[in-house]
Number of protein chains: 2
Amino acid sequence: MTQNSNFYNRHFLDHISLDCVVFGFHDNQLKVLLIRRKYTKEWALPGGFVKEDESIEVAATRVLQERTGLDDIFLKQFNVFSEPGRANRNPTVTDLVGSVANPDLEWFNQRFISVGFYALVDFSKAEPTPDSISDLCIWKNLNEISSLILDHNQILNKALETLRLQLNYQPLGYNLLPDRFTMPELQKLYETILAKELDRRNFQRRILSYGILNKLEERKTGGAHKAPFLYEFNLENYQKALQNGLNGGW
Amino acid sequence: MTQNSNFYNRHFLDHISLDCVVFGFHDNQLKVLLIRRKYTKEWALPGGFVKEDESIEVAATRVLQERTGLDDIFLKQFNVFSEPGRANRNPTVTDLVGSVANPDLEWFNQRFISVGFYALVDFSKAEPTPDSISDLCIWKNLNEISSLILDHNQILNKALETLRLQLNYQPLGYNLLPDRFTMPELQKLYETILAKELDRRNFQRRILSYGILNKLEERKTGGAHKAPFLYEFNLENYQKALQNGLNGGW
DNA sequence: AGTTTGTGTGTCTTGATGACGCAATGATAG
DNA sequence: CTATCATTGCGTCATCAAGACACACAAACT
């Protein structure tokens, strides 16, 4: 009985993979971390496999550490992708490495069931790093992402949909914005995720009513036009809001 | 390379299982479908494995068909449970079948990563049926469920938590109540899931404002006290509400 | 200095929500 | 047969959140 297989001398569970939709925010644009396969030059979500002694969350954390250099990433599993059809579209071994010299690489040809995670990271702190089968790992603007391998477009869309839902009962921004930020920046983040415009004044009133922000004395200098105030997240209340939800319907 | 193994002559993927938290509603009580292991007499959630040609959703549907006799069940995956510690607590083969006569049964001793589903079914239409390694399959009142095998208590709690969250932006009841029902019955369903009492009059106003109910002329006879009106779900609006959400925060 | 553009703050209205009142109904008890 | 009682139907009031919008202020550019 083989419970696992070798891949570059590491033990992974058969049939189980994970894919990460890593969101970042920069230049008022929502960005997603992508990797590019060495040989096919196709784009894909960063992903990985599960070691013998790892939970799938630990595995995802490890993968993200490798891809971004960051620990302590906000991570959430949101869906399992398991259509048998996924496997048909799996890259062949040669797609991945360009040769089949290593018999261990046949391991890639099995059917995979993939657990989707989405992650929120501070754009400025991440250092995108490709994995062994990729030659590029970079941020792409959400609206400039075209065709990804396999069902990765579907995974990305589902992640966005989930993020939008979560927005309704969870605070957001701490993991995506720098420590100090302006109200327009926070609003732009919301608008980008929701893909719609919000009223400036109503947005501010609502966000402030959650009590998750500290208003600073300082203003953002350097920009053209009137200098906006800087804010920071009130971590204590932010965590509370994450746990208890924001509005709570019933 | 073994991509799968035999178990009673059927091919399942290694390492992957699924567990279902099946909710039903009867006698103003929220109930969960449980099975009892033949040899250890321990209680567990109904579950199963994934065949070569199945998605995990199809596998869960098949399992639920076998356990309840029902097709077209409301089903939703809500979490993946993958702690390596789960495996340590896996039942031994002898726990499951009482002997190791069949070498295929060693298959159970591998590590499993389990996808959790919750299901909502019409209590009166389900016919609980045990699987091959169980001697009982019955409904248990939510508040009378004690210790389950492995991490099944944790799975159940997470399912409940998810259900409560969904309640905030999705209609609920069509899958759990008979075709025609009274307002107090619907309210009791909500109260049971939320584990708190709601104001009768405010509940009615709010539920009716969603436009997912048709009020019938008929009243429920037979009960002591004033006869309440009967309602049915407006399926068209109900489906719309499922898709678009109820309140929509932003 | 006036214009432009974005920001800070406030008002008005509408609608949803929570708390609660009261009359009507239908079985049951005396 | 009538009083009682629990439950239901329907309504009111106050509060608060949310959308639409007005106006003044600040910083840079012409």
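Remember, it's a predicted structure, so these values are computed and weren't measured experimentally. Basis for what follows: all heavy atoms, side chains included, without hydrogens, waters or symmetry-related copies. Protein chains get the first letters and strands the later ones, always in sequence-line order, with residue 1 at the start of each.
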- Item | Pair of N/O donor and acceptor under 3.5 Å linking C:dG8 base with A:Arg205 side chain | no

- Task: Would you verify whether the NZ or CZ of A:Lys76 falls within 45 degrees of the ring axis of A:Tyr118 while also being under 6.0 Å from that six-membered ring's centre?
- Result: no

- Message: Pairing donors with acceptors under 3.5 angstrom, does anything connect the side chains of B:Ser17 and B:Ser114?
- Response: yes

- Message: Using a 4.0 Å cut-off to any heavy atom of chain A, which nucleotides of DNA chain D are the first and last in contact, reading 5' to 3'?
- Response: D:dA18 to D:dA28

- Could you tell me how the ring of B:Tyr190 sits relative to the ring of B:Phe203: parallel (under 30°), tilted (30 to 60°) or perpendicular (over 60°)? perpendicular

- Listed in order of residue number, which residues of residues 193-202 of chain B have a non-hydrogen atom at under 4.0 Å from DNA chain C? B:Asp199, B:Arg201, B:Asn202

- Message: Apply side-chain contact (heavy atoms from CB on, under 4.5 Å) to residues B:Tyr174 and B:Phe233 and explain how you reach the verdict.
- Response: CA-CA 7 Å; B:Tyr174 174 63; B:Phe233 282 102; 4.0 Å; yes

- Item | Stacked cation flag B:Arg206 on A:Trp250, 6.0 angstrom / 45 deg | yes

- Query: Have A:Gln243 and A:Gln239 got a donor and an acceptor in their side chains that come within less than 3.5 Å?
  - Reply: no

- Note on the structure: In whole angstroms, the gap separating P of C:dG6 from CG of A:Asn28 amounts to 12 Å

- Report the C-alpha distance between B:Asn141 and B:Lys31 in whole Å, list the side-chain angles of each, state the deciding distance to 0.1 Å, and finish with yes or no for side-chain hydrogen bond (donor to acceptor under 3.5 Å, both in side chains). CA-CA 4 Å; B:Asn141 284 338; B:Lys31 292 168 188 287; 2.6 Å; yes

- Task: Apply side-chain contact (heavy atoms from CB on, under 4.5 Å) to the pair B:Phe117 and B:Leu18, showing each step before the final yes or no.
- Result: CA-CA 7 Å; B:Phe117 285 82; B:Leu18 63 94; 4.3 Å; yes

- When rounded to whole Å, the CZ to C1' distance for the pair A:Phe203 and C:dT9 reads 17 Å

- Donor-acceptor side-chain pairing of A:Asn79 and A:Lys158 below 3.5 angstrom: no

- Once you round it to whole Å, what is the distance between P of C:dG8 and NZ of A:Lys215? 7 Å

- Message: Just checking B:Asp72: does its CG atom have more than 12 heavy atoms from other residues, nucleotides or ligands closer to it than 6.0 angstrom?
- Response: no

- To the nearest Å, give me how far apart CD (A:Glu217) and P (C:dG8) are. 13 Å

- Quick one: what's the B/S/- string for nucleotides 25-30 of chain C, heavy-atom cutoff under 4.0 Å, read 5' to 3'? BBS---

- Message: Please confirm whether the ring centroid of B:Tyr238 lies under 6.0 Å from the ring centroid of B:Tyr210.
- Response: no

